[in-house]
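Heads up: the structure comes next, in structure tokens.
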Protein chains: 2
Amino acid sequence: MSAGPLVATVVVIFAIIDEALQVLLVHRTGDPERGKWALPGGLWRGDEPLDRTAARKLTEETGAADLYLEQLFTTSDLDVGQPGVAVAYFALVDAAAVRLRIGDQWPPEWHRVDDLEPLAFDNNSVIAQALERARAKLDYTNIAYGLLPDEFTIRDLQGTYEAILGRDLDRRNFRKRMLSNGIIESTETRRHEGAHRPALLYRFVSREPVFL
Amino acid sequence: MSAGPLVATVVVIFAIIDEALQVLLVHRTGDPERGKWALPGGLWRGDEPLDRTAARKLTEETGAADLYLEQLFTTSDLDVGQPGVAVAYFALVDAAAVRLRIGDQWPPEWHRVDDLEPLAFDNNSVIAQALERARAKLDYTNIAYGLLPDEFTIRDLQGTYEAILGRDLDRRNFRKRMLSNGIIESTETRRHEGAHRPALLYRFVSREPVFL
DNA sequence: CCAAAAGTGTTAAAGCTACACCCATGG
DNA sequence: CCATGGGTGTAGCTTTAACACTTTTGG
């Protein structure tokens, strides 16, 4: 037992699944709020940088590394009966690259962001803020790279934008914007997928965060 | 002595003085980096919300309350030899309303942001990030209200924008934008100030943060 | 009447939105 | 040949940037 304040990290992990934006939740195994769905997180032990604790948590839950991870904010409203701060992060991962922990008593699960039950603590509001940040950043950064595999069609990319923004976009305008703002480039290959014209595949010019 | 991690707050306090953006610095009174200029801050004791600790620090240093205060980010790079996190904030205050602590051995001082010596820890980078955030928010919020008194001329407002952005703006376009975006409104009074046409005074429609 | 800052409009360029038709493929 | 999604261009509108002269005042 320590006399000092707690420092915890909490991670909002987003992925696109079934064409919808989903967030990864775990069951709380301890009190308070035991048994409720909650964001994954854990105590910071002080033996590594805070960002690495968050990145480690992300990898533990999803098996995926090297994706998009950004700090959101820090709050001292922990509701755990002792002083402490929680540092919230949000991450964007490619669902296809994720391997969830299985076999656990309480495996993590994906939940649609647009239809969330009340979660432990103020986790609903943390997710809302993560979503707001992600929406804003779509407009002026390339962060969507976190949600997509190396190669994708422009339609895949548009679906990703639509899932996050929660509204439909015009196909022609979307394509023009993406091709002119320089965040993606064409591979010269096509993907054949059904009884129709095959789509050109693209990749992100950079898989590091870039501002437009 | 506590065995747990430290939690500290650090505040970047900006004001416009001599038509330049300046930041409030204090002398470090303890090791490490004793005697160097540094951002004001202090330990969080866990008996109040984190934001209130930052707000209190702001008031202690400037005598001013109810201005603009926003959380920036949290880092664990403290360089103090024991584990801990620092939560950085930035604040915008009206220099005319500030009464600095005096009589202290090491009174706080305003320093021009565009000409800073190397400060303690990574404080230069914290200030740079605060400035970047403030610049971005000028474009789509009314946060400039924090830097100005209740009544001001459009020219005062433009000077504030220019000091933060670090570049000159076109007077006619600036005026048009400010009058059309709805963040300020005319008082019907004028300020007479020298051998020239008196300027109309304006006020902010809201002195709470508003997004455009 | 002069110096100094306040106040005011227009034009061109760029960017954004809305919108409809042809293309390539598999079955 | 047909159903399906991929791919393309244009016209109107809004927004932004550039730019110069007249007004009001104090001295």
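In this text the structure is predicted, and so the values were computed from the model without any measurement. Proteins get letters first, then strands, A, B, ... in listed order; numbering begins at 1 in each.
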In terms of side-chain heavy atoms, does B:Tyr89 have a donor or acceptor partner in B:Asp51 at a distance below 3.5 Å? yes

Acceptor/donor pairs from residues 116-130 of chain B side chains to any protein atom, 3.5 angstrom cut, sequence neighbours excluded:
| from | atom 1 | to | atom 2 | distance (Å) |
| --- | --- | --- | --- | --- |
| B:Asn123 | OD1 | B:Leu39 | N | 2.9 |
| B:Asn124 | OD1 | B:Leu119 | N | 2.8 |
| B:Asn124 | ND2 | B:Glu117 | O | 3.1 |

Considering only heavy atoms of chain A and a distance under 4.0 Å, specify the first and last nucleotide of DNA chain D in 5' to 3' order that meet this criterion. D:dA3 to D:dT10

Whether over 12 other heavy atoms sit under 6.0 Å from B:Glu132 CD: no

Protein-proximity profile, nucleotides 12-22 of chain C, B/S/- by nucleotide at the 4.0 Å heavy-atom cutoff, equals -----BBBB--

Residue pairs involving residues 203-212 of chain B (criterion side-chain hydrogen bond (donor to acceptor under 3.5 Å, both in side chains); sequence neighbours excluded): B:Asp150-B:Arg207, B:Glu185-B:Arg203

Salt bridge present between B:Arg56 and B:Glu48 (N-O < 4.0 angstrom): yes

Can you sort out which residues in residues 187-196 of chain A have a heavy atom within less than 4.0 Å of DNA chain D? Ascending by number, please. A:Ala195, A:His196

Find out whether B:Leu43 and B:Leu6 are in side-chain contact, i.e. whether some heavy atom of one side chain is under 4.5 Å from a heavy atom of the other. yes

Taking NZ, NE, NH1 and NH2 as the nitrogens, is one of them in A:Arg191 or A:Asp156 under 4.0 Å from a carboxylate oxygen of the other? yes

Can you check the B:Arg175 CZ to C:dA6 P distance for me, whole Å? 8 Å

Select from B:Leu200 and A:Pro198 the residue whose nearest nucleotide in DNA chain C is closer to the 5' end of that strand. B:Leu200

Looking at residues at least two apart in the chain, or sitting in another chain, which of them share a ring-ring contact (aromatic ring centres under 6.0 Å, His included) with A:Tyr161? A:Phe174

For the CD1 atom on A:Ile102, are there more than 12 heavy atoms of other groups (residues, nucleotides or ligands in this structure) within a distance under 6.0 Å? no

When B:Val87 is tested against each of B:Leu50, B:Val11, B:Val10 for side chain to side chain contact (heavy atoms under 4.5 Å, CB included), which residue passes? B:Leu50

